[in-house]
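See below for the structure under consideration.
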Amino acid sequence: MAMHSDHAHDFNQTGEIPKPQTKVIWKTFAILVGLTALEFVFAFFMEAGTLRNMIFIILTIFKAFYIVAEFMHLKHETKALIWSVLIPMALVVWLMVALISEGSYYFDSVTNYFK
Amino acid sequence: MSTSTTLEAPKSGTWDGGNEPLKASYGKLMMWFFLLSDAFTFGAFLIVYGLSRHKHMPYTGEAEAFTFSTEWWPIPEKVFNAFPGFHGVDLPLAFVALMTMILILSSVTMVLAVEAGHRMDKNDVQKWLLWTILFGGTFLGCQAWEWAHFITGTDEGMVLADGTRIFGANLTMNQYGPPLFADLFFFITGFHGTHVFSGVVLLIMIFINTVNGVYHKRGHYEMVEKVGLYWHFVDLVWVFVFTFFYLI
């Protein structure tokens with residue numbers, strides 16, 4: 001890496017370093033840990049089924065929201081950037097719905113065929 | 001007006017490069033769009049997992065009476081129930097809970113490093129980057145153990161129709177269920193593990209640069225932010241892998 005030392009920017013630490021502002025970070029951490037703990041509560045104390053899977057997926061989306069919005073700072077970017085990241089993700093959701101119902105159809109047709 | 005002055009003049013017009021609609025640097029934008037494309041790849045993996053799962057027979061009996069069979073898709077709690085040092089003890093999902101905690105913690109230390117970068121606090125950036133590298137390395141170690149256990153298998157193994165017993169898993173057969181289950185386990189967690197590994201390499205690189213004062217001389221710690229974006233994405237992917245592979 002070429003070291004073009006531009007002396008205008010070559011400032012050493014002068015003056016006070018501002019105090020860390022970490023309250024939001026630890027709060028987000030607490031939320032993520034809480035949601036994960038909640039997932040384990042449901043995993044151990046609830047019968048497996050569609051309802052439980054829905055709960056898992058909703059909790060996962062909440063966790064994803066906190067990671068992307070706070071840790072990746074997307075919440076504080078411009079609207080245009082937020083949408084240019086979120087809208088393409090709708091395609092993934094579409095593909096997911098399409099292929100999972102395709103899997104069920106495939107299963108049904110194969111099991112019915114061999115009945 | 002001579003040509004040289006025109007070239008040196010700052011581009012300030014709306015259609016002249018002076019307009020910055022997304023208010024983010026080139027590097028950060030490219031990182032976002034790279035991560036978006038990476039999300040498509042991981043999305044495709046998990047969607048294939050959903051498709052294969054739906055085209056296999058689900059296990060319908062009592063959870064207590066569950067046995068491994070190639071007939072039906074296994075229950076994850078029965079597959080991932082081992083913990084290092086507790087041989088033969090049934091601890092469902094305990095180890096993966098530990099791995100999840102380690103990765104979330106590493107995400108927190110990463111965001112703390114980014115925050116320290118905003119304040120130009122070189123010592124804090126170093127400290128938090130080191131913690132992140134440590135947690136990332138620990139996660140990789142955990143995954144290596146998990147893979148080793150998955151490949152070796154349990155003491156009981158699975159009895160095939162012809163009476164032979166098989167132990168553990170590879171790409172063509174496995175004791176836990178249909179071969180596709182092990183294939184997808186290797187592909188999805190392996191691809192994620194490769195991302196964690198690349199992340200740790202990037203973190204070591206920016207750690208060395210931070211120690212050498214490269215970013216301090218540059219006047220900003222944006223590189224830490226960009227690697228931070230990547231690292232959080234790796235954590236984000238794990239959140240989804242954890243739900244779809246281990247919980248559902």
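The shown structure was predicted, so the numbers you read here are calculated from the model rather than taken from an experiment.
Counting heavy atoms from C-beta on, the side chains of B:Leu247 and A:Arg52 never come closer than 4.5 Å. Looking at heavy atoms from C-beta onward, B:Ser107 lies out of side-chain contact with A:Phe29 at the 4.5 angstrom threshold. Side chains of A:Thr28 and B:Val108 form no contact here, defined as non-hydrogen atoms less than 4.5 Å apart. Counting heavy atoms from C-beta outward, B:Trp32 and A:Met72 have side chains that approach closer than 4.5 Å. A:Ile17 places none of its side-chain heavy atoms less than 4.5 Å from the side chain of B:Met120.
Here the closest heavy-atom approach between residue B:Val239 and residue A:Ile67 is recorded as CG2-CD1, 3.7 Å. The two atoms that bring A:Leu81 and B:Ala24 nearest to each other are CD2-CB, 4.3 Å, heavy atoms only. Heavy atoms only, all atoms of each residue included: A:Val85 and B:Leu36 are closest at O-CD1, 3.4 Å.
Under the side-chain contact (heavy atoms from CB on, under 4.5 Å) rule, A:Phe107 has a single partner from B:Met57, B:His56, B:Arg53, which is B:Met57. None of B:Leu51, B:Ile47, B:Leu46 except one satisfies the side-chain contact (heavy atoms from CB on, under 4.5 Å) rule with A:Met96; the exception is B:Ile47.
Looking at B:Ala97, both its backbone and its side chain come within 4.5 Å of chain A, counting heavy atoms on both sides. Using a 4.5 Å cut-off between heavy atoms, B:Pro76 makes no contact with chain A at all. Of the two parts of B:Phe33, only the side chain, counted from C-beta on, holds a non-hydrogen atom closer than 4.5 Å to a non-hydrogen atom of chain A. With a threshold of 4.5 angstrom between heavy atoms, A:Phe44 approaches chain B through side-chain atoms but not through N, CA, C or O.
Distance check, rounded to the nearest 0.5 Å: NZ of A:Lys79 to CG of B:Leu22 gives 13.5 Å.
Proximity to chain A at a heavy-atom threshold of 4.5 Å picks out B:Leu229, B:His232, B:Phe233, B:Asp235, B:Leu236 from residues 229-237 of chain B, in numerical order.
Comparing A:Thr60, A:Val68, A:Asp108 by heavy-atom pairs within less than 4.5 Å of chain B, the highest count is held by A:Thr60. By number of non-hydrogen pairs under 4.5 angstrom with chain B, the leading residue of A:Glu77, A:Lys19, A:Glu47 is A:Lys19. Of the listed residues (A:Ile61, A:Val93, A:Leu74), the greatest number of heavy-atom pairs within a distance under 4.5 Å of chain B belongs to A:Leu74. Taking A:Ser101, A:Pro20, A:Ser104 one by one and counting their heavy-atom pairs under 4.5 Å with chain B, the maximum is reached by A:Pro20. Of the listed residues (A:Pro88, A:Ser109, A:Ala43), the greatest number of heavy-atom pairs within a distance under 4.5 Å of chain B belongs to A:Pro88.
Two rings, from B:Phe240 and A:Phe56, have their centers 6.0 Å or more apart.
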